[in-house]
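First up is the structure itself, then whatever we jot down about it.
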Amino acid sequence: MAIGGDEMKTSPQAKELLTFLSVDEIDSLLELSEIINFAANEIIIPQGHMLAGLYIISKGAAISKAKLIGEATAEIETFSAGSFLGEVSFIECIPSPKSIVATEETECIFIERSIVEHLDLFNPTLKYHLFNEIAKQICERLHKMYEIIAKFITNSDMVSQLTFIGKVIESLNKPEKISAEDIKLSPEEIYNLFSFHSFPLAEFNLLLKKATLYRVPKNYKLISPTKKSLAMYMVLFGAVQSTIEIDSKVAKLSVISPGKLFLSPAMIDTNIETAIAFTTCEKAIILHLSEESIADIKSNELKLWYKLFDLACHSLAALEKSVYKLDVRLSIETYNR
Amino acid sequence: MCRILSYLGKPIVIEELLYKPDNSFIKQSYHPIYMSQLLNLAGFGLIAWDYSSYNPKQPFLYKSSELPFYDENLRNLSSKISPHCMLAHLRGVSYNLQQIVSDQNVHPFIFPETNIALAHNGALVNFIDMKYDLLEFIKPEYKKDIRGTTDSEWIYAVFLSCLNGDMGTCNEQDIFAAIIQTLKILQKIRQKHNIGITSPVNLFITNGEFIAATRFVFDYGWNESNPLLSAHSTYHSLWYTYGESYGYYDDEYKMKGGKARSSIIISSEPLTTDATTWIEVPEYTIIFAKLEQGEIKIVSQDIHL
């Protein structure tokens with residue numbers, strides 16, 4: 001690879017490519033980044049390696065390949081100019097599950113991890129716009145994988161799990177609105193329970209004021225596949241299970257643990273339709289931010305909104321990872337037959 | 001809080017699993033990646049089946065409460081034994097005098113009446129309160145076999161008692177049914193004693209011809225203390241990899257792909273720091289692996305209690 005020059009930093013190409021940023025933001029971003037050139041067939045991101053930063057293809061194309069469990073290498077996806085590379089691994093801080101290889105001479109904008117992480121301090125709006133675009137690309141990819149899985153599940157002989165009686169019972173169990181006093185914890189004690197290190201205590205108190213606490217029974221569907229949800233949720237106690245539900249067949253994705261936020265992909269891209277549901281798998285205490293509260297935070301508490309959005313990106317990255325894992329599992333395991 | 005490793009497939013010299021990869025099983029006793037709050041220093045146990053050994057239905061069994069990384073006998077045996085099926089366990093317990101470190105408390109457990117072994121990763125909180133309520137669910141022939149003080153051995157006794165049919169011929173549905181019934185019994189006793197605190201129950205079960213494993217926690221997300229400090233704050237992990245054979249290929253330890261996928265490893269964590277050719281079993285799941293006509297068949301099922 002060759003680390004190159006300043007041509008990208010002054011060319012109009014960057015402005016055409018990074019349309020999700022303002023002109024000033026593009027200039028700031030390019031000042032903070034490097035331009036790296038890759039020859040055809042050169043590995044941009046090796047499988048199994050931690051990402052040192054974010055890559056955006058500015059010119060050329062790439063393909064992702066993975067040494068799959070028990071098999072030879074398989075090609076998975078192609079990328080063109082404007083695509084982020086390895087963003088899920090970057091956000092989740094995990095080794096890349098795939099190699100990304102240039103298919104022709106390719107140029108990437110590379111932003112080091114430490115710079116991305118410190119954008120919170122000196123240019124949070126830039127970070128927000130970058131991650132907003134990343135979130136959209138994650139949702140697009142999630143949707144494509146979801147379509148493949150949905151077809152598989154529909155045609156499979158997976159056992160149906162959602163009985164009529166089950167649905168009636170579910171509809172009788174309702175969440176109960178509560179206060180912090182009801183769970184015998186002060187806001188500071190709740191704050192200290194988890195590593196909310198992105199929120200100073202004052203911001204967390206503000207979040208609690210904007211949110212509503214609920215005591216939720218087990219097996220309650222917080223986000224249903226049939227109703228578009230524009231709310232955000234955070235688990236304080238207990239756990240929530242994400243699933244794909246098609247024709248009464250249910251395939252598990254992952255469990256959301258205490259301290260983690262979750263949301264429907266429809267919050268990022270309202271055109272996305274997926275049958276992804278979020279249901280309590282243990283009795284739980286949930287923090288709920290309604291669509292109205294979120295709009296209020298976006299308008300009046302921008303710093304808090306940026307941090308919430310950061311957590312939302314983590315949630316979407318985890319969701320994409322779990323959808324990918326399900327895709328792999330369905331080709332290997334006899335699941336729920 | 002414990003690490004477990006199981007293997008089924010082509011015969012393999014067990015040092016390839018216990019010692020050689022960069023996150024080898026023995027290394028996990030003092031440097032686990034996925035559960036770093038607690039080391040696993042309270043004993044090592046191994047059960048293994050080898051078709052070429054004398055009386056092949058009877059497994060090798062090795063148990064010691066000594067630290068495995070200083071155990072020369074284990075190192076020597078590992079370079080010689082090449083079973084087709086293996087279950088190994090590193091016991092991890094909290095650092096206080098209430099814990100009893102002894103050979104009797106080392107997993108895997110195998111009672112004389114059966115060829116099925118079990119190892120457990122996890123702990124039932126307030127087990128002392130629920131222990132004797134389990135007696136009604138344990139068959140008389142198994143009650144006398146409980147020699148140690150662990151909750152795991154009692155879970156094993158309940159599981160065996162739930163198993164229907166001939167132990168030599170049980171299939172995955174028999175195993176699934178017995179596991180679910182065992183978990184339901186434990187849940188019922190916990191509810192009776194108002195125990196609602198996170199308690200992981202990752203079970204590994206084998207008879208030399210299949211491996212079954214659960215990834216399950218009771219009351220996940222309800223910790224009794226600061227979750228940042230608790231060994232149970234994260235959902236106990238369970239991973240697998242499968243392929244033709246496991247070994248050192250292309251400068252790394254991995255499962256080699258091939259025409260036949262005839263070997264599987266199911267374990268608490270991957271044996272290499274690069275986990276990209278491993279897959280994590282979802283939470284609240286049972287997984288079952290068996291060799292059929294030279295291929296490993298994997299069946300998985302969600303756990304709904």
Side-chain angles (χ1 to χ4, degrees), chain A residues 46-50 66-73 89 94-99 159 161 166 189 192-195 218-219 235-243 250-260 280-285 321-322 324-326 328-330 332-337, chain B residues 172 196 198 215 217-223 225-228 230 233-235 239-245 249-250 252 254-264 270 272-289 295-305:
Chain A
Q47 181 172 347
H49 283 231
M50 297 292 290
K67 287 176 283 182
L68 296 176
I69 178 172
E71 288 186 20
T73 306
S89 309
I94 55 171
S96 177
K98 308 162 199 171
S99 291
V159 173
Q161 293 191 24
E189 282 170 326
N192 287 332
L193 279 176
F194 308 108
S195 51
K218 188 174 170 178
N219 296 325
V235 181
L236 297 188
F237 293 93
V240 169
Q241 173 81 60
S242 57
T243 53
V250 178
K252 282 191 186 161
L253 294 172
S254 60
V255 162
I256 295 114
S257 319
K260 298 276 192 272
T280 48
C281 49
E282 303 286 352
K283 62 178 195 288
I285 307 279
K321 194 175 89 176
S322 66
Y324 174 69
K325 184 170 81 176
L326 177 62
V328 173
R329 286 183 60 224
L330 289 176
I332 295 172
E333 298 169 18
T334 303
Y335 170 52
N336 272 3
R337 305 288 168 81
Chain B
E172 71 261 21
T198 291
R215 189 177 182 209
V217 177
F218 285 113
D219 298 297
Y220 179 60
W222 293 92
N223 292 289
S225 57
N226 187 331
L228 293 178
S230 168
S233 60
T234 52
Y235 208 103
W239 294 76
Y240 73 87
T241 185
Y242 93 131
E244 190 189 282
S245 58
Y249 304 109
D250 304 322
E252 58 182 336
K254 63 179 181 184
M255 269 294 184
K256 187 174 78 160
K259 282 187 189 161
R261 295 170 209 170
S262 46
S263 305
I264 186 168
T272 47
T273 46
D274 178 356
T276 55
T277 53
W278 290 69
I279 192 154
E280 193 169 23
V281 176
E283 301 88 343
Y284 306 99
T285 298
I286 305 175
I287 186 162
F288 181 95
E295 280 269 332
I296 292 284
K297 297 291 181 211
I298 304 173
V299 179
S300 63
Q301 189 171 294
D302 296 339
I303 298 175
H304 295 287
L305 295 189

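Given the structure is predicted, the values throughout are model-derived calculations rather than measurements. Chain letters run A, B, ... following the sequence lines, proteins first, then strands; residues in each count from 1.
- Your options are Pro95(A), Ser322(A), Cys281(A), and the one with the most heavy-atom pairs under 4.5 Å with chain B is Cys281(A).
- In this structure a side-chain-to-backbone donor-acceptor pair under 3.5 Å is present from Gln47(A) to Pro97(A).
- Comparing Glu283(B), Gln301(B), Lys254(B) by heavy-atom pairs within less than 4.5 Å of chain A, the highest count is held by Glu283(B).
- Taken to the nearest 0.5 Å, the CZ atom of Arg261(B) stands 7.0 Å off from the CD1 atom of Ile332(A).
- For Lys98(A), no part sits under 4.5 Å from any heavy atom of chain B, backbone or side chain.
- For the pair Thr243(A) (side chain) and Ala251(A) (backbone), a donor-acceptor distance under 3.5 Å is absent.
- With a 4.5 Å cut-off on non-hydrogen atoms, Phe288(B) does not touch chain A at all.
- Considering only heavy-atom pairs separated by less than 4.5 Å from chain B, the leading option among His49(A), Lys283(A), Glu282(A) is Glu282(A).
- For the atom pair Asn223(B) CG and Phe237(A) CZ, the distance stands at 9.0 Å (nearest 0.5 Å).
- Of the listed residues Thr285(B), Asp274(B), Ile286(B), Asp219(B), the one with more heavy-atom pairs under 4.5 angstrom with chain A than any other is Asp219(B).
- With a 4.5 Å cut-off on non-hydrogen atoms, Glu280(B) touches chain A through its backbone and its side chain both.
- Heavy atoms closer than 4.5 Å to chain B are found in the backbone of Ala284(A), but not in its side chain.
- A donor-acceptor contact shorter than 3.5 Å links the side chain of Thr198(B) to the backbone of Trp222(B).
- Proximity to chain B (any heavy atom under 4.5 Å) is restricted, for Ser96(A), to the backbone atoms N, CA, C and O.
- Of the two parts of Ile287(B), only the side chain, counted from C-beta on, holds a non-hydrogen atom closer than 4.5 Å to a non-hydrogen atom of chain A.
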